[in-house]
Participant: 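Before I ask anything, here is the structure I am working with.
Letters A, B, ... mirror the listed sequences (proteins, then strands); counts begin at 1. Just so you know, these numbers come straight off a predicted model, no measurement behind them.
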Amino acid sequence: MSIEKTTDPAAALHFLEEIVESDLAAGRYKSILTRFPPEPNGYLHIGHATSICLNFGLALKYGGATNLRFDDTNPVTEETEYVDSIISDVCWLGFEPARILYASDYFQQLYDWAKVLIMNGKAYVDFSSAEEIAALKGTPTEAGKDSPYRNTSPEENLALFEKMKAGEFPDGHCVLRAKIDMASPNMIMRDPLLYRIKHAHHHRTGDAWCIYPMYDWAHGQSDSIEHITHSICTLEFAPHRELYDWCIAQLGIFPSKQYEFARRNVSFAVTSKRKLKQLVEDGHVRGWDDPRMPTISGYRRRGYTPASIREFCDRIGVGKREMVADMALLEFCIREDLNKSSLRRFAVLDPLKVVITNYPEGETEWLETENNPEDPGTGKRQLAFGREIFIEQDDFMENPPPKYFRLSPGGLVRLKSAYIIKCEEVIKDAAGKITELHCSYVPESRSGQDTSGLKPQGVIHWLSASNARKAEVRLYDRLFQVEDPASEEDFKSTLNPKSLQIIDHALIEPDLADAKSGEQFQFTRLGYFCVDPDGTAEKPVFNRTVTLKDTWAKEMKK
RNA sequence: UGGGCCAUGGUGUAAUGGUAACACAGCAGAUUUUGGUUCUGUUAUUCAGGGUUCGAGUCCUUGUGGCCCAACCA
């Protein structure tokens, strides 16, 4: 799949596009190369999606390419399972990496470069403990102090470093540090760690290495090796840029450049791997792909389309200020997409039986209705109509408020694509609960050939009792009750207890029972739904992606 | 000895010294056999003080506020 990046010349450029355009105009690069560099230690979430869209989108717009590179320098936390899910998520979003690469591919090169640094007197092996190193680091307002190991000779350091690599020291025994400036106002530059010892199995290199490069020693050089022109990362890496450039300058290699943008958050969601992991492990959700999760796999299962997520990323823009995008915009994007593309079907989530007393017993007629009024090319379908039907409980009220357009005692309502009915009698059980409605229909009000002259305000959906099928429907609401759960002392205390409502007695049109996992529909008047993989032929399961805009519900809240 | 980044309606994003705009959200109306869609209208914005200028969201200056940096994580 490929995405057409249409460029509106009048559209304003964001700051990264400006940088790219000026680089291209100045002839600094013939074409650009970006990269998306996830660490394979968790599932991708909506924040990653914005980064993916940015990196791939930039390359697409300017005729460049994008590598997918796994930043797999920490064997303790990384797993192949995550690599696979990340690749599939990126592809699902509609992007095609030019190459799929791994920082671990460069371990030998990185090691050789570290030795160059050592021989140039720019790195040393430090046997101080982690605590000692931290203590000598200083504070933001106080200069650090030199390590006692800082002035070891290059030759000795080289021998020591080779011993580290050879596995002669246990974990944590020593580290390789760059020799820069313990008094730098930038804490990152106070002799940063380059290598640590971890006798751990790596998901790709196995047991070949027991020393692993730190982010700062791996990232810029990996970019450089691949000739990445624009290395785009989030704001918190801005202080690292000085070190990024320093490493590249020391080695005299291809000068990739780092640019930072503000992480893009979404309201009513958390986007931190740690927090998401907690939700999964504590059982607050059913898994990483739970449709309530802001993970890419969660949105996919929920029924969000790749196009809707890309559109969302485009619309929220890119900047350098901390921001929280409104979830309502994401919902707007998915409704906009699905409104155009999804077939309409009738489903009754909470059925109320209606007997049409003046309709002949045992008779069935077939009524035509459109599959998608937004796209006449999708044709029409036939609905069975008979004496017994089901309507939505919500579409009947015994004592309706003003402006209630639906059915009420003695009132009229239009059954969409069928007849106008009038509520004649409300049947209740001993407890006073409404069990069914007796209605009469107006024979000359048949949809499309209505000569009744009646004009009920309300139009409701319905299903024939003769052929409706059962289904489970899962209704999702926001996972959190507050806009910014991450800012709470305990984000889990703001979980929405009603984020999942399971309806096991819903009714659907018969052909819906054969829909394949992932297929999407608009349930008329209710919202957009997709088929969940949990379903079976006997009991299909539908996930509500998003409701339709509901001005009546809004009115009722007032 | 602190350094870096940032500040425009409710939320985002534009305006690159010359009428503060666009989208979402909100509100009001029209259309509608989905209280959907579509269409129209509308509310609401430059962190504060000082300066430069005919003119400042934009430049200068002083504040204020927010985020990041003292992981052998990325």
Participant: Counting only side-chain heavy atoms from C-beta out, which of B:U33, B:G10, B:G35 sits nearest to A:Asp550?
Facilitator: B:G35

Participant: Could you check which nucleotide pairs with B:G35 in any of the strands shown, counting Watson-Crick or G-U wobble with both distances under 3.5 Å?
Facilitator: none

Participant: Ignoring the backbone of A:Asn339, work out which of B:G36, B:A70, B:C6 is nearest its side chain.
Facilitator: B:G36

Participant: Looking only at atom C1', what distance separates B:U58 and B:U8, rounded to whole Å?
Facilitator: 11 Å

Participant: Quick one: which of B:G35, B:U33, B:U11 gets closest to the side chain of A:Ser447?
Facilitator: B:U33

Participant: Closer to the 5' end of RNA chain B via nearest nucleotide, is it A:Asp126 or A:Lys554?
Facilitator: A:Lys554

Participant: Taking a pair as Watson-Crick or G-U wobble with both distances under 3.5 Å, which nucleotide is matched to B:A28?
Facilitator: B:U40

Participant: So, does the side chain of A:Glu236 form a donor-acceptor pair with the base of B:G4 at under 3.5 Å?
Facilitator: no

Participant: Sticking with atom P, work out how far B:U45 lies from B:C22, rounded to a whole angstrom.
Facilitator: 15 Å

Participant: Side chains of A:Tyr528 and A:Gln522: donor-acceptor distance under 3.5 Å anywhere?
Facilitator: yes

Participant: CD of A:Gln457 versus P of B:U34: gap in Å, rounded?
Facilitator: 13 Å

Participant: Please pick, from B:G35, B:U33, B:C72, the nucleotide with the shortest atom-to-atom distance to any side-chain atom of A:Tyr404.
Facilitator: B:G35

Participant: In whole Å, what is the span from the NE2 atom of A:His219 to the C1' atom of B:A74?
Facilitator: 9 Å

Participant: Would you say the side-chain atoms of A:Tyr404 and A:Gln457 include a donor-acceptor pair closer than 3.5 Å?
Facilitator: no

Participant: Using the C1' atom as the reference point in each nucleotide, state the distance between B:U46 and B:A20 in Å, no decimals.
Facilitator: 8 Å

Participant: For B:C24 and B:U40, measure between their P atoms and round to the nearest Å.
Facilitator: 12 Å

Participant: Determine: side-chain N/O of A:Thr551 to OP1/OP2 of B:G36, distance under 4.0 Å, yes or no.
Facilitator: yes

Participant: When you measure from the side-chain N and O atoms of A:Arg196 to the phosphate of B:C73, is any distance below 4.0 Å, counting only OP1 and OP2?
Facilitator: yes

Participant: Over all strands shown, is A:Val76 touching base, sugar-phosphate only, or nothing at heavy-atom distances under 4.0 angstrom?
Facilitator: nothing

Participant: Do A:Arg35 and A:His219 have side-chain N/O donor and acceptor atoms under 3.5 Å apart?
Facilitator: yes

Participant: Between the side-chain atoms of A:Glu483 and the base atoms of B:U11, is any donor-acceptor pair under 3.5 Å?
Facilitator: no

Participant: Taking only side-chain N and O atoms of A:Thr73, does any of them lie within less than 4.0 angstrom of OP1 or OP2 on B:A74?
Facilitator: yes

Participant: In whole angstrom, give the distance that lies between atom CD of A:Glu322 and atom P of B:C68.
Facilitator: 7 Å

Participant: Below the 4.0 Å mark, does B:C68 have OP1 or OP2 next to a side-chain nitrogen or oxygen of A:Arg321?
Facilitator: no

Participant: Would you say the side chain of A:Arg525 and the base of B:U34 hold a donor-acceptor pair, judged only by whether the two atoms sit under 3.5 Å apart?
Facilitator: no

Participant: What nucleic acid atoms does A:Ile188 come within less than 4.0 Å of, heavy atoms only: base, sugar-phosphate, or nothing?
Facilitator: sugar-phosphate

Participant: Nearest to the side chain of A:Met214 - B:A14, B:C73, B:U33?
Facilitator: B:C73

Participant: Determine the sole option in A:Arg150, A:Lys145, A:Lys179 for which the salt bridge (charged side-chain N to carboxylate O under 4.0 Å, His left out) test with A:Asp191 is passed.
Facilitator: A:Arg150

Participant: Using whole Å, report how far CZ of A:Phe261 lies from C1' of B:G4.
Facilitator: 17 Å

Participant: Quick check for you: among B:G35, B:C69, B:A74, whose closest atom lies nearest to any side-chain atom of A:Pro239?
Facilitator: B:C69

Participant: Measuring only the P atom in each nucleotide, how far is B:C60 from B:U52? A whole number of Å is fine.
Facilitator: 15 Å

Participant: How many whole angstroms separate atom OH of A:Tyr215 from atom P of B:A74?
Facilitator: 10 Å

Participant: Is B:C5 paired to anything, Watson-Crick or G-U wobble with both distances less than 3.5 Å, and if yes, which nucleotide?
Facilitator: B:G66

Participant: Please work out if A:Ser487 contacts a base, only the sugar-phosphate, or nothing of the nucleic acid, heavy-atom cut-off 4.0 Å.
Facilitator: nothing

Participant: If the C1' atom of B:A28 is compared with that of B:A44, how far apart are they to the nearest Å?
Facilitator: 15 Å

Participant: Side chain of A:Met187, heavy atoms from C-beta onward: which of B:C69, B:U13, B:U33 has the nearest atom to it?
Facilitator: B:C69

Participant: For a quick check, tell me whether the side chain of A:Arg315 and the base of B:U13 share a donor-acceptor pair closer than 3.5 Å.
Facilitator: no

Participant: Quick check: closest heavy atoms across A:Pro192 and A:Leu243, and the distance to 0.1 Å?
Facilitator: CG-CD2, 3.6 Å

Participant: Taking atom types as modelled and ignoring hydrogens, do the side chains of A:Tyr43 and A:Asp89 form a donor-acceptor contact shorter than 3.5 angstrom?
Facilitator: no

Participant: Starting the side chain at C-beta, find the nucleotide from B:G36, B:U34, B:C6 nearest to A:Thr524.
Facilitator: B:U34

Participant: Is the NZ atom of A:Lys137 crowded by more than 12 outside heavy atoms at less than 6.0 Å?
Facilitator: yes

Participant: Nearest to the side chain of A:Phe405 - B:A14, B:G35, B:U33?
Facilitator: B:G35

Participant: Would you tell me if any nitrogen or oxygen in the side chain of A:Lys198 comes within less than 4.0 Å of OP1 or OP2 on B:C73?
Facilitator: yes

Participant: What is the nucleic acid contact for A:Pro456, judged by heavy atoms within less than 4.0 Å: base, sugar-phosphate only, or nothing?
Facilitator: nothing

Participant: Output the rounded distance in Å from CG (A:Asp326) to P (B:G10).
Facilitator: 13 Å

Participant: Between B:G10 and B:G50, how far apart are the two C1' atoms, rounded to whole Å?
Facilitator: 31 Å

Participant: Distance between the C1' atoms of B:U37 and B:U31, in whole angstroms?
Facilitator: 11 Å

Participant: CG of A:Asn41 versus P of B:C73: gap in Å, rounded?
Facilitator: 12 Å

Participant: So, A:Ser445 versus A:Asp450: side-chain donor-acceptor pair below 3.5 Å or not?
Facilitator: no

Participant: Out of B:C73, B:G36, B:A25, which nucleotide sits closest to the side chain of A:Ala328?
Facilitator: B:A25

Participant: Is it true that A:Arg241 and A:Glu260 have a side-chain N and a carboxylate O under 4.0 angstrom from each other?
Facilitator: yes

Participant: Figure out the CD/C1' separation between A:Glu242 and B:G2, and round it to whole Å.
Facilitator: 13 Å

Participant: Between A:Glu374 and A:Met182, just flag the one whose closest nucleotide in RNA chain B comes earlier from the 5' side.
Facilitator: A:Met182

